[in-house]
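The structure that follows is given in the form of structure tokens.
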Amino acid sequence: MTISSIAQHLPALLIAVPLLTAFLTPLVGGVNRSLRVLWVFLGIAATSAIGLALAWKVFTYGTVIYVFGAASVTQTLPPDSGGIPIRIIFEVDAFSALMIVIASLSAFAITIYSLMSESECSGQDGFYALLFLLVVGIMGMVATGDLFNFFVFLEISSLAGAALVAYRVDKGVAVEAGLKYALLSTLGALCVLIAIGLLFAQYNVLNIAALASRLQFTTLDKIALALLVVPLAMKCGAVPMHFWTPDTYTTAPSSITALLVVSSQASLYALFRILFSLYGHLIHFSYATFGWFVIILGVLSMFVGVTMAIPQKDVKRLMAYHAVSQTGYMLLGVGVGLAVLGDRTALNAYGLTAMAGGIFHIINHAMYKGLLFLTAGAVFYRVGTRNLNKLGGLGHTMPWTMVFFMIGALAIAGIPPFNGFASKLLIYESVFRFSPFLSIIAMVVSILTLASFVKVFHSIFMGPRREEFAAAREVPPAMMLGMGLLALVVVLFGLIPQTIIDGLIMPCVTALVDRGAYMASILGGH
Amino acid sequence: MLRHLIINFPLITVVVVAFLGLAAMMFKRNIIKILMGVSLLESAVNLFLVAVGYRQDGIAPIFTNAPSTHMVLPTVQALTLTSIVIGVATSAMMLSFAMILYKKYGTVDIRKIRKLKG
């Protein structure tokens with residue numbers, strides 16, 4: 001296989017490689033332990049490399065189309081199909097590519113970390129098989145251009161996620177959280193499937209671009225919109241449908257929690273894709289209504305998330321509520337963009353900047369929140385408790401973990417020069433011009449976040465050495481490497497925000513706003 | 001009137017079964033019964049998909065001895081098969097969760113399975 005044919009089949013390999021790795025892991029792991037470590041490492045390295053290469057291709061040459069099973073991979077409309085894209089098509093535009101970058105970076109760091117953090121636990125073959133399946137689900141959700149295919153990947157990620165949450169049974173508590181997550185995911189996915197059925201029954205297509213060109217916004221389409229938006233808002237953990245996040249994020253192994261954050265963001269991606277690319281101009285009569293719907297979800301998430309986080313005693317539970325709160329920023333930014341989508345001047349003046357802030361926050365959040373969950377996992381790995389009242393004085397024995405935690409905490413609180421500051425500043429500035437009140441709420445939430453993390457930092461790392469933790473020492477190199485990678489990205493994005501915004505974020509905003517281009521890449525013409 | 005009722009009979013069944021499933025999920029306290037509710041809801045959705053795909057006098061796309069090449073594109077049928085397979089995986093996983101919970105807690109009553117709080 002030559003380089004050019006690999007380059008041509010990158011979208012298929014993005015799914016095939018982790019899928020193959022997942023199902024061969026139990027076989028390879030049966031041989032011996034070190035072979036499995038090598039296999040898992042190679043698998044995730046290959047997956048991430050493919051993901052990054054594909055994203056590079058998209059950002060350099062534009063949207064990549066991949067048609068499965070056609071004579072040529074770009075033949076979206078076979079001559080005998082009657083103008084309908086009948087095959088499964090992957091449509092990777094700039095926004096999808098950004099999500100693939102997020103998933104690749106996080107999955108790589110997380111897997112390296114897991115190789116050490118889970119090395120003492122049983123059932124490793126299944127663990128890595130499920131981890132790779134979760135990666136498949138995430139990659140598929142963000143790469144696919146087909147609505148039913150999206151449902152399949154949504155289910156793959158939900159199933160693998162639920163199984164991983166319950167994997168370390170922990171006297172049944174983890175299984176309780178896993179069951180809760182599985183039930184809600186299934187209910188949500190069934191709603192999505194009904195919506196797909198409603199759309200297919202009317203228009204006889206499943207391709208998102210083809211559907212977008214045919215939608216009439218009938219009553220059934222409105223029902224379908226609700227059946228798509230509500231479950232996806234639930235899956236990304238927006239208040240008032242956030243109740244699963246604290247349980248799930250707390251009980252899952254820390255590395256998995258970091259990956260679940262990415263999978264929630266894949267749902268967020270889908271939510272935006274449906275609002276902008278699928279429905280888009282059809283809701284032009286009331287952009288403001290839909291925009292405010294997203295904004296209110298965002299503001300509620302921000303505020304409720306952070307106020308619930310402050311009194312928590314369990315460090316991971318606290319971080320889980322902060323994850324809800326940070327998702328609010330993304331919803332707020334993109335919601336403001338949606339609210340002014342019909343108004344060219346407002347859109348150019350601040351709408352696009354608000355969307356850029358929201359989308360930039362997605363990648364930033366994946367990095368620093370992943371980092372924070374990994375540091376929480378590192379602390380748990382060494383001292384065996386997550387209770388803030390029992391922890392203390394670990395700064396003496398785990399200096400690197402402390403540094404990584406500080407980087408993550410400062411980034412989430414939006415302190416310069418870390419990446420959280422860059423995206424939050426964009427959101428504050430632009431949202432202020434839309435509605436000063438919302439901007440003030442966003443800033444207050446940031447301050448509360450900072451207060452909460454100062455408390456956490458103090459209770460875990462500060463204070464005198466404790467006798468009960470005398471045996472604690474720095475975590476092994478593999479875990480440091482995983483955290484270090486994410487910390488590096490956090491710092492790097494904070495130092496060169498403008499380069500990232502121009503190179504990665506603005507193309508995503510354009511891709512979201514320009515619904516015609518999304519349709520044209522499949523259907524041709526413009 | 002009667003004709004409409006007969007034509008829409010599959011869809012009426014879908015609504016009835018879906019509501020039964022939802023009701024079981026919401027009002028039952030036994031995990032096994034909740035999972036039965038999920039299964040019912042899944043069946044309702046599958047039935048909905050198949051009902052949507054029905055074409056009167058349509059010809060299945062089997063080319064051997066076909067009376068005409070004007071055939072029905074079996075997309076929804078394929079979707080339903082996929083969805084059934086996914087449903088099996090989901091049910092199997094959730095039932096195994098129920099088993100583990102029963103072993104650990106000695107009950108399948110969700111009112112008593114509440115170690116998680118917050």
Side-chain angles (χ1 to χ4, degrees), chain A residues 81-82 84 86 147-149 151-152 154-156 158-160 162-163 165-166 169-183 185-187 189-194 196-202 204-206 243-244 246-248 250-251 308-309 311-314 317-318 320-321, chain B residues 11 14 18 21-22 25-26 31 34-35 37-55 72-73 75-76 78-80 82-83 85-108 110 112-118:
Chain A
S81 72
I84 299 175
I86 47 171
L147 213 48
F148 185 73
N149 203 228
F151 163 78
V152 173
L154 178 71
E155 279 284 28
I156 291 177
S158 305
L159 278 174
V165 169
V169 175
D170 188 19
K171 303 191 193 73
V173 180
V175 180
E176 200 182 323
L179 183 66
K180 204 171 180 180
Y181 182 58
L183 268 175
S185 302
T186 311
L187 187 60
L190 286 174
C191 289
V192 171
L193 190 56
I194 294 174
I196 294 170
L198 286 174
L199 292 175
F200 183 82
Q202 297 175 83
N204 294 316
V205 280
L206 288 168
F243 40 80
W244 61 272
D247 295 344
T248 314
T250 313
T251 50
M308 292 294 286
Q312 297 302 325
K313 296 283 173 280
D314 181 320
R317 203 169 183 86
L318 181 141
Y321 276 114
Chain B
L11 296 177
V14 166
L22 276 176
M25 283 175 79
M26 277 189 271
I31 290 181
I34 293 176
L35 295 184
V38 176
S39 263
L40 276 177
L41 190 59
E42 266 167 18
S43 309
V45 176
N46 289 336
L47 182 60
F48 171 62
L49 287 178
V50 172
V52 153
Y54 176 73
R55 294 288 178 273
V72 178
L73 185 66
T75 313
V76 271
L79 303 191
T80 314
T82 317
S83 150
V85 173
I86 291 173
V88 170
T90 323
S91 305
M93 188 181 75
M94 291 198 287
L95 283 171
S96 66
F97 285 176
M99 263 172 60
I100 299 173
L101 283 176
Y102 183 71
K103 274 185 198 158
K104 296 284 172 187
Y105 293 72
T107 174
V108 282
I110 52 163
K112 291 174 189 149
I113 303 178
R114 283 196 184 273
K115 280 193 193 169
L116 283 166
K117 282 192 208 88

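Residue numbers begin at 1 in each chain, while the letters A, B, ... track the order of the sequences.
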Original post:
For the side-chain contact (heavy atoms from CB on, under 4.5 Å) test, which of B/Thr82, B/Leu79, B/Ile86 pairs with A/Phe151?
Top reply: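 The side-chain contact (heavy atoms from CB on, under 4.5 Å) with A/Phe151 is passed solely by B/Ile86 among B/Thr82, B/Leu79, B/Ile86.
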**OP:** Could you grab the distance from atom CD1 of B/Ile34 to atom CG of A/Leu179, nearest 0.5 Å is fine?
**Re:**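 Interatomic distance, B/Ile34 CD1 to A/Leu179 CG, rounded to 0.5 Å: 8.0 Å.
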Original post:
Given that the side chain runs from C-beta out, which part of A/Ala162 has a heavy atom under 4.5 Å from chain B: side chain, backbone, both or neither?
Top reply: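 Its backbone and side chain both get close to chain B.
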Original post:
Does B/Leu22 reach the side chain of A/Leu187, with side-chain heavy atoms less than 4.5 Å apart?
Top reply: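 Yes, side chains in contact.
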Side-chain donor-acceptor distances from residues 37-53 of chain B under 3.5 Å, at least two apart:
residue : atom : partner : partner atom : Å
B/Ser43 : OG   : B/Ser39 : O            : 2.9
B/Asn46 : OD1  : B/Ser83 : OG           : 2.5
B/Asn46 : ND2  : B/Glu42 : O            : 3.4

Subject >> Validation row: A/Val175, B/Lys104 side chains within 4.5 angstrom (heavy atoms) >> reply: no
Original post:
Quick one: what part of A/Val169 sits under 4.5 Å from any heavy atom of chain B, side chain, backbone, both or neither?
Top reply: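 The side chain, not the backbone.
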Original post:
A/Leu183 and B/Met94: which non-hydrogen atoms are nearest, and at how many Å?
Top reply: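 Minimum heavy-atom contact is N-SD, 3.8 Å.
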Original post:
Measuring heavy-atom distances to chain A, does B/Met93 have an atom under 4.5 Å in its side chain, in its backbone, in both, or in neither?
Top reply: side chain
Original post:
With sequence neighbours left out, what residues match B/Phe97 under ring pair (Phe, Tyr, Trp, His ring centres under 6.0 Å)?
Top reply: none
**OP:** Select one option (side chain, backbone, both, neither) describing which atoms of A/Asn204 are under 4.5 Å from chain B's heavy atoms.
**Re:** side chain
Original post:
Between A/Gly197, A/Pro311, A/Ser185, which has the largest tally of heavy atom pairs under 4.5 Å with chain B?
Top reply: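 Option with the greatest count: A/Gly197.
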Original post:
So which part of A/Leu206 gets closer than 4.5 Å to some heavy atom of chain B, the side chain, the backbone, both or neither?
Top reply: side chain
Subject >> Shortest non-hydrogen contact from B/Leu101 toward A/Gly172 >> reply: CD2-O, 3.6 Å
Subject >> Part of A/Ile156 within contact of chain B (heavy atom distance under 4.5 Å) >> reply: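 No part of it gets close to chain B.
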Subject >> Proximity breakdown for B/Ile100 and chain A, heavy-atom pairs closer than 4.5 Å >> reply: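 Side chain only.
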Original post:
Any chance CZ of A/Phe243 has more than 12 other-residue heavy atoms, nucleotides or ligands included, within less than 6.0 Å?
Top reply: yes
Original post:
What's the shortest heavy-atom distance between A/Lys171 and B/Tyr105, and which atoms?
Top reply: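 Looks like O-CE1, 4.0 Å.
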Original post:
What part of B/Leu35 lies closer than 4.5 angstrom to a heavy atom of chain A: side chain, backbone, both or neither?
Top reply: side chain
